[in-house]
Amino acid sequence: IVVMKCAQSGWTEAALNFTFWFMDRRQEGVLYMLPTDRQLSDFAQARVNKAIKLSPYLKHAFTDTDNVGLKIGFGQSLYLRGANSKQKLLEIPVGALVRDEFGAMDPEGREQAESRLGASRYKYKVDLSNPQFPESGIHLAYLEGTQEVWEIECPECGARAEPRWPDSIDPGKPESIVCPECGCPIDKYSGKWRALNPDAPYRSFRMSQLISPTVRPWELMELWKEAKGDATKMQVFYNFHLGLPYAQEGARIDEQAFRALPRGGQMALSSDRPTVMGVDVGAVLQVWIRRIEGGTVWTGTCDWHELERKMQAYNVQMCGIDAMPETTKAKEFARRFPGRVVLIRYHTSPTAIGGKQTQEDGVTIITVPRTEAMDRAFARILNKEESVPEDLPEEVIKHFRVLTRQIVRGGGKEYASWVESGPDHYAHAFTYSEVVRDERPIWQRVQLFV
């Protein structure tokens, strides 16, 4: 079950009820996850222990609630864990997994937890979260499910529709929601769930405060007025009050942006023309190779040995490699190609402007402002200036879709930043290739004129 929810809507309570029910009726343990360990103590005291204390049935069933991270009830274990502590997710056999605030979790810890279901006959999963950006996190999980919405039949026009913003708000009737088709007041409690994608492999739901029993329409109207003109408040309004993903226009590179790019045939196995290369370093190397004048030739993954071959096969003139986390290997590679490979670091200060160049161990290291470098690179895609191969891997597009440019606050300042909600390695490989791409005319690059 996947739930894309607004704030304060009762879904955490429902997830806890499911947890107790599963331990009682299915007689297997449950792993209940939050984003960080720091949240566990308050959650255990305010939600789990309180529910047990107030229910005679649960109080009788639970024999041990003193440990913050482990509760024993119905002869089964309830583990409370943070997704950021991956070591604590090992050796926990359970039959059900609840990931509360799924979208805010460390992706690696979030995925690692699924392996704890391996020995179970049930393997139940419940994921719930406020959304953030379109087609990422909990929104993507919702889209791949049944996409169930709360539809209400209008007593006036007979239309069945999900209450939606702003059509279900009438300033003249601030105490009730109205039919989005005819404007007649409707009863938010008289609805039914309807699946928009009924053949999906699992159930998914979305809920906004338009159908909350504790939030009035006039309250949403006031919040909307406060959010106008403030990108951060508007993000909060959509994510936490409407339970919908949100991104400002032009703040994301979606699949449509890639589909609109000019095509340049199939990915090439080599190149006679000069190219540049960007490399992001992770479990594997994500590589992006482009012509100096622009235009993608090849992108994919490889290891360090294969990367050396690509330098020759694609006639790479300049290569920019992520300086972290394998700095030693990156420097060794750079020394094998003197003058043709640089290491790239992002400025740690989010408000830094301009770049700088230093030497370390005989290797050139370029430090650039993260947002500025990504803005420059992504502009080529948003402005349709970059051609891409017909067979560009879908994984590449996914790595761009998880990034959204937004205004964030930190250190008492507001600044723009590209915020990721999942793996984004190819986006950085493309950025590094743009950092080292020399846009001077060819006659200047080969020094025909001084």
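The first residue of the sequence shown is numbered 1, and numbering continues consecutively from there.
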Nearest heavy-atom approach of L261 to I381 is CD2-O, 3.4 Å
Nearest non-hydrogen partners of V436 and M277, listed with the distance = CG2-O, 4.1 Å
Using a distance-only test with no angle check, is there a side-chain donor-acceptor pair under 3.5 angstrom linking [X] and [Y]?
| X | Y | result |
| --- | --- | --- |
| H425 | D280 | yes |
| S120 | E28 | yes |
| Q8 | S212 | no |
| D375 | W418 | yes |

Pair F62 and F20, ring centroids less than 6.0 Å apart | yes
Between [Y] and [X], is there a salt bridge with N-O shorter than 4.0 Å?
| X | Y | answer |
| --- | --- | --- |
| D37 | K88 | yes |
| E91 | R116 | no |
| E222 | K228 | no |

Distance in Å, F43 CZ paired with E101 CD, rounded so as to fall on 0.5 Å steps | 10.0 Å
For the residue pair F400 and W288, does the interplanar ring angle fall in the parallel (under 30°), tilted (30 to 60°) or perpendicular (over 60°) class?
-> perpendicular
Would you check, one step at a time, whether the test salt bridge (charged side-chain N to carboxylate O under 4.0 Å, His left out) holds for E153 with K192?
-> CA-CA 9 Å; E153 183 174 352; K192 294 181 180 179; over 6 Å; no
Non-neighbouring partners of W150 that pass ring pair (Phe, Tyr, Trp, His ring centres under 6.0 Å), sequence neighbours left out =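 Testing W150 for ring pair (Phe, Tyr, Trp, His ring centres under 6.0 Å), a comparison that skips the adjacent residues, returns W193.
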Side chain of D100, backbone of M33: donor and acceptor closer than 3.5 Å?
-> no
Can you sort out the partners of S168 under side chain to side chain donor-acceptor pair (under 3.5 Å), two or more places apart, ordered by chain and number?
->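 Per chain and number, S168 pairs via side chain to side chain donor-acceptor pair (under 3.5 Å) with no residue.
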